[in-house]
Visitor: 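I have a structure here, written as structure tokens, and I will follow up with some questions on it.
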Amino acid sequence: MGKQERLPRDFFSQHALKAARQLLGMRLVRTESQTRISGIITETEAYRGEEDLGCHCRSGRTPRTRVMYGPPGYAYVYFTYGQHWMLNFVVEGEGYPAAILIRGINPEEGIKTIASRRANQPSAQWTNGPAKICKALNIDKGFNEADICAPDALLYVERGCSIPDSCVTTGPRVGLNTVPEPWKSIPWRFLVTDYPFESPDVSRI
DNA sequence: AGCACGATTAACT
DNA sequence: GTTAATCGTGCTC
């Protein structure tokens with residue numbers, strides 16, 4: 001495996017559902033101390049528009065959601081439950097709020113670092129959740145509004161492998177317990193099946 | 001200024 | 001299956 005192409009801003013300008021599907025199989029890369037920590041994306045969720053009551057943009061443009069109204073190819077990183085960071089990528093056109101939540105990756109590089117940050121956890125649970133990924137890759141507030149298409153970006157996405165439709169499952173987004181229908185059940189979650197690093201609640205679909 | 005709650009996780013029983 | 005942890009955010013007063 002040689003050097004791989006980084007996803008250009010055009011990739012992130014596409015419709016959120018398409019971007020969420022296409023991100024499966026791509027490689028999320030975090031460069032830290034000149035070292036690569038990476039993993040193949042295995043699970044995503046799409047959030048788009050103020051009418052999507054599961055999206056933070058249901059409240060419109062606020063200090064937190066500002067980045068989602070900006071140009072595509074930027075990171076939206078937010079804090080929740082008093083302790084967890086979540087990584088999203090802004091997609092679609094400037095002015096229309098949409099983002100893709102990265103919920104699962106299959107670790108490839110920087111395994112020792114990932115293992116140390118996920119101490120006392122079995123490898124199958126190192127990065128099978130959105131907050132687990134941020135902990136393993138040391139992603140926090142500092143990456144909010146970061147340009148992931150910049151040449152010197154420390155967080156970016158590479159074209160990894162193509163995942164056939166036969167290996168992809170869709171279902172309702174996770175954790176939207178108090179969100180009204182149809183948003184609670186709309187199948188905007190995408191995940192690769194037959195990978196060992198899926199989220200634990202695959203069986204819920 | 002105060003309040004309710006969350007795109008979760010890990011450790012329980 | 002249940003629950004504590006823990007605080008930024010957006011909403012109401």
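Naming convention: chains lettered A, B, ... in sequence-line order (proteins, then strands); numbering from 1 in each chain.
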Visitor: Salt bridge check: are A:Lys135 and A:Asp140 linked by an N-O gap of less than 4.0 Å?
Guide: no
Visitor: Atom OG1 of A:Thr42 and atom CD1 of A:Ile40: how far apart are they, to the nearest 0.5 Å?
Guide: 9.5 Å
Visitor: Measure CG/A:Asp140 against P/C:dG8 and give the value in whole Å, please.
Guide: 13 Å
Visitor: Whole Å only: how far is the CZ atom of A:Phe89 from the P atom of B:dA7?
Guide: 19 Å
Visitor: Base, sugar-phosphate, or nothing for A:Arg173, non-hydrogen atoms under 4.0 angstrom?
Guide: nothing
Visitor: By the 4.0 Å heavy-atom rule, please label A:Lys141 as base, sugar-phosphate, or nothing.
Guide: sugar-phosphate
Visitor: Under the 6.0 Å and 45° cation-pi test, does A:Arg6 pair with A:Tyr156?
Guide: yes
Visitor: Is the shortest side-chain N to carboxylate O distance from A:Glu145 to A:Arg66 below 4.0 Å?
Guide: yes
Visitor: According to a strict under-4.0 Å criterion, is A:Thr178 in side-chain N/O contact with OP1 or OP2 of B:dC5?
Guide: no
Visitor: DNA chain C in dot-bracket, Watson-Crick or G-U pairs under 3.5 Å, [ ] crossing, | other strand?
Guide: |||||.||||||.
Visitor: Among residues 51-61 of chain A, which residues get a heavy atom nearer than 4.0 Å to DNA chain B?
Guide: A:Gly54, A:His56
Visitor: Could I get a table of every N or O pair under 3.5 Å where one atom is in the protein and the other is in nucleotides 8-13 of chain B?
Guide:
| from | atom 1 | to | atom 2 | distance (Å) |
| --- | --- | --- | --- | --- |
| B:dT8 | OP1 | A:Arg103 | NH1 | 3.1 |
| B:dT8 | O2 | A:His84 | NE2 | 2.6 |
| B:dT9 | OP1 | A:Pro130 | N | 3.2 |
| B:dT9 | OP1 | A:Ala131 | N | 3.0 |
| B:dT9 | OP1 | A:Lys132 | N | 3.3 |
| B:dT9 | O4' | A:His84 | NE2 | 3.3 |
| B:dA10 | OP1 | A:Arg118 | NH1 | 2.6 |
| B:dA10 | OP1 | A:Arg118 | NH2 | 2.9 |

Visitor: Passes side-chain hydrogen bond (donor to acceptor under 3.5 Å, both in side chains), A:Ser59 versus A:Thr62? Steps please.
Guide: CA-CA 7 Å; A:Ser59 305; A:Thr62 68; over 6 Å; no
Visitor: Can you classify the ring geometry of A:Trp85 versus A:Phe79 as parallel (below 30°), tilted (30 to 60°) or perpendicular (above 60°)?
Guide: tilted
Visitor: Check whether any side-chain heavy atom of A:Arg27 lies under 4.5 Å from a side-chain heavy atom of A:Ile41, and answer yes or no.
Guide: no
Visitor: Are side-chain N/O atoms of A:Glu50 and A:Tyr69 paired as donor and acceptor at under 3.5 Å?
Guide: yes
Visitor: Nearest whole Å is fine: how far is B:dC5 P from A:Arg64 CZ?
Guide: 15 Å
Visitor: Are the side chains of A:His56 and A:Tyr78 in contact, using a 4.5 Å heavy-atom criterion?
Guide: yes
Visitor: Evaluate whether the aromatic ring of A:Phe79 and the six-membered ring of the C:dG8 base sit under 5.5 Å apart, centre to centre, with an inclination under 30°.
Guide: no
Visitor: Tell me, yes or no, whether the heavy-atom count around A:Arg9 atom CZ, taken from other residues, nucleotides or ligands under 6.0 Å, exceeds 12.
Guide: yes
Visitor: Measure CH2/A:Trp85 against P/C:dA5 and give the value in whole Å, please.
Guide: 21 Å
Visitor: Check A:Glu109 with A:Arg36, please: is the shortest side-chain N to carboxylate O separation under 4.0 Å?
Guide: yes
